[in-house]
There are 2 protein chains.
Amino acid sequence: MTPKMALEKPAPETVFVVDDDASVVRGLSRLLRANGFEVESFASAAAFLSSDARDCVGCLLIDLRMPGMNGLELQAALRESNCTLPVIFISGNTDVPATVQAIRSGALDFLTKPFQEEQLLAAIRSALDRCRDARTRRLAALADQDRFASLTPREKEVCLLVGSGLLNKQIAWQLGTAEKTIKVHRARVMEKLAVVSVAELVRLVDRLGAR
Amino acid sequence: MTPKMALEKPAPETVFVVDDDASVVRGLSRLLRANGFEVESFASAAAFLSSDARDCVGCLLIDLRMPGMNGLELQAALRESNCTLPVIFISGNTDVPATVQAIRSGALDFLTKPFQEEQLLAAIRSALDRCRDARTRRLAALADQDRFASLTPREKEVCLLVGSGLLNKQIAWQLGTAEKTIKVHRARVMEKLAVVSVAELVRLVDRLGAR
DNA sequence: AACGGTATTGGACTTTGGGCCAACACCCGC
DNA sequence: GCGGGTGTTGGCCCAAAGTCCAATACCGTT
């Protein structure tokens, strides 16, 4: 386990509002805070990107149309930088192509003003749920990768070949060494990866390869 | 392998057009045929649902707004009946909520009239690619399920426990039988499932459970 | 030059997994 | 009732995997 996981801030889950219209931001903030959510607001895409909020647990409420970088561009930039915060768009106009692109790019919802309060709240709750799940999965994936990274190059080779179902003797032949050697590596692999059965090892290898 | 797989018709890939406007259908058909696609058209959602086209390789081009069952309802009905044909919506008006619902329900694209011909063709090519892939995966999944279904109840139990990484003796203890018995079942499982290593068996079990 | 991490191999021994042959009990349909 | 599928168990033997202890060799660092 590496010391820094780039995922601190167990801080309360926060809704990040990105909208250039100050009155909208005020209204949304009041509504969300009244419903028990932490809110942090940004007047532009750039402002959010330069914040450290990218790796928190929370969700984004983005106005589609903004001066400078618009909502879709912000979404693309976030994806580019591996930010996995769920995104909910808010739009005043009815731009279907933008809607299609937004949802296909992974946006969770796309609300058009005016919208029902409850609709927004439901979307946010759903987004926070998803973010929690994603975070859990991401942490598990990182733990997997850490364990695999702790293997020596040779052990990694052996690990993958064991995972593909080869016998020790086949692995030995393939790597040009003795079966005995493979047994040693294999034992170390099982120990370092903290798995007690081949089945667990196979699943771990698959998870690693599934990206 | 069961004799009938419910997936015949290796017929040429077909674009199914569902639109109540005869002139639109004519125009689309001409365009698509001119670009080398097979086209079959339906004047209503009900007409398509009662056809046998549900299990073909192809894709659907659905008009969002139709008298009777509309596009979204048709999409829902198809999903209900496990039809996996990729869906592309065509809409004259700009109904954002419908767009959101359509895309979230798995629609591949949502084109608004008027659209670029090339945009439509690209969407269709993408849809057909996806349908081919899905079909391949579905056939593979069916083959897996067939093999698993050929196991006796006891063999299924043993199979799952082996897949979870237990030793023969642990399985025997858990099932209240002798280790020798498990060995026999296990051998039959490996044979019936046509796997040669525990790794393959684990992956097969996971695929079955992944639904 | 000494040291630690890595890769390698050997031997001896135990545990597990598999293959082959045979056998018995149960239940169901013909 | 008999035949066949299913579940069960035994013995014998071999292959594969895992364990413990020990040893050599290379490489880069201190």
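In the text below, chain A, chain B and the rest are named by the order of the sequence lines, each starting its count at 1.
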>> Tell me the interatomic distance from A:R188, atom CZ, to C:dT6, atom P, rounded to whole angstroms.
In response: 9 Å
> Would a 4.5 Å heavy-atom cut-off, applied to side chains only, mark A:L28 and A:L120 as touching?
Replying inline: yes
> From C:dT8, C:dG17, C:dA7, pick the nucleotide closest to the side chain of B:N168?
Replying inline: C:dG17
>> What verdict does the side-chain contact (heavy atoms from CB on, under 4.5 Å) test give for A:T177 and A:R154, after you've listed the backbone C-alpha separation in whole Å, the side-chain angles of each residue and the deciding distance to 0.1 Å?
In response: CA-CA 11 Å; A:T177 73; A:R154 197 56 151 179; 3.0 Å; yes
>> Can you measure A:E179 atom CD to C:dG11 atom P for me and round it to whole angstrom units?
In response: 13 Å
> In whole Å, what is the span from the NE2 atom of A:H185 to the C1' atom of C:dG10?
Replying inline: 15 Å
> If you pin B:I182 and B:S150 to their nearest nucleotides in DNA chain D, which one's is more 5'?
Replying inline: B:S150
>> Taking only side-chain N and O atoms of B:T152, does any of them lie within less than 4.0 angstrom of OP1 or OP2 on D:dG7?
In response: yes
> Under 4.5 Å between any side-chain heavy atoms of B:S91 and A:V96, yes or no?
Replying inline: no
> Does atom CD of A:E118 have more than 12 heavy-atom neighbours, drawn from other residues, nucleotides or ligands, at distances under 6.0 Å?
Replying inline: yes
> How far does CD1 of B:I62 sit from CG of B:L60, to the nearest 0.5 angstrom?
Replying inline: 4.5 Å
> To the nearest Å, how far apart are A:L167 CG and C:dG18 C1'?
Replying inline: 12 Å
> Checking all strands, does B:T181 fall into the base, sugar-phosphate, or nothing category for heavy-atom contacts under 4.0 angstrom?
Replying inline: base
> Expressed in angstrom and rounded to an integer, what is the separation of A:L166 atom CG from D:dA16 atom P?
Replying inline: 13 Å
>> Side chain of A:K180, heavy atoms from C-beta onward: which of D:dC21, C:dA7, C:dG18 has the nearest atom to it?
In response: D:dC21
> Quick one: does A:L201's side chain get under 4.5 Å of A:V162's, heavy atoms only?
Replying inline: yes
>> As a test of reading the structure: which of D:dT9, C:dA7, C:dT9 is closest to the side chain of B:V184, going by heavy atoms?
In response: D:dT9
> Which of these nucleotides, C:dT9, D:dG18, D:dG7, is closest to any side-chain atom of A:R186?
Replying inline: D:dG18
> Which nucleotide in the set D:dT8, C:dT6, C:dG10 lies at the smallest distance from any side-chain heavy atom of B:R154?
Replying inline: D:dT8
>> Can you measure A:I171 atom CD1 to D:dG18 atom P for me and round it to whole angstrom units?
In response: 10 Å
> In whole angstrom, what separates B:E191's CD from C:dG18's P?
Replying inline: 13 Å
> What is the distance, rounded to the nearest whole Å, between atom CE of A:M190 and atom P of D:dA16?
Replying inline: 18 Å
>> Please pick, from D:dG18, C:dG19, C:dT9, the nucleotide with the shortest atom-to-atom distance to any side-chain atom of B:A187.
In response: C:dG19
> Mind checking what makes salt bridge (charged side-chain N to carboxylate O under 4.0 Å, His left out) contact with B:R207, not counting sequence neighbours?
Replying inline: B:D144
> Picking from C:dG17, D:dT6, C:dA7, which would you name as closest to the side chain of B:K183?
Replying inline: C:dG17
>> Restricting to non-hydrogen atoms, name the atom on B:S197 and the atom on A:G165 that form the minimum distance, rounded to 0.1 Å.
In response: CB-O, 3.5 Å
> End-to-end bend of the helix from C:dA1-D:dT30 to C:dC30-D:dG1 (five-pair axes, 10° rounding)?
Replying inline: 30°
> Of the nucleotides D:dA16, C:dT6, D:dG10, which has the atom closest to the B:A178 side chain?
Replying inline: D:dG10
> With sugar-phosphate meaning primed atoms plus P, OP1 and OP2, does B:T177 contact a base, only sugar-phosphate, or nothing at under 4.0 Å between heavy atoms?
Replying inline: sugar-phosphate
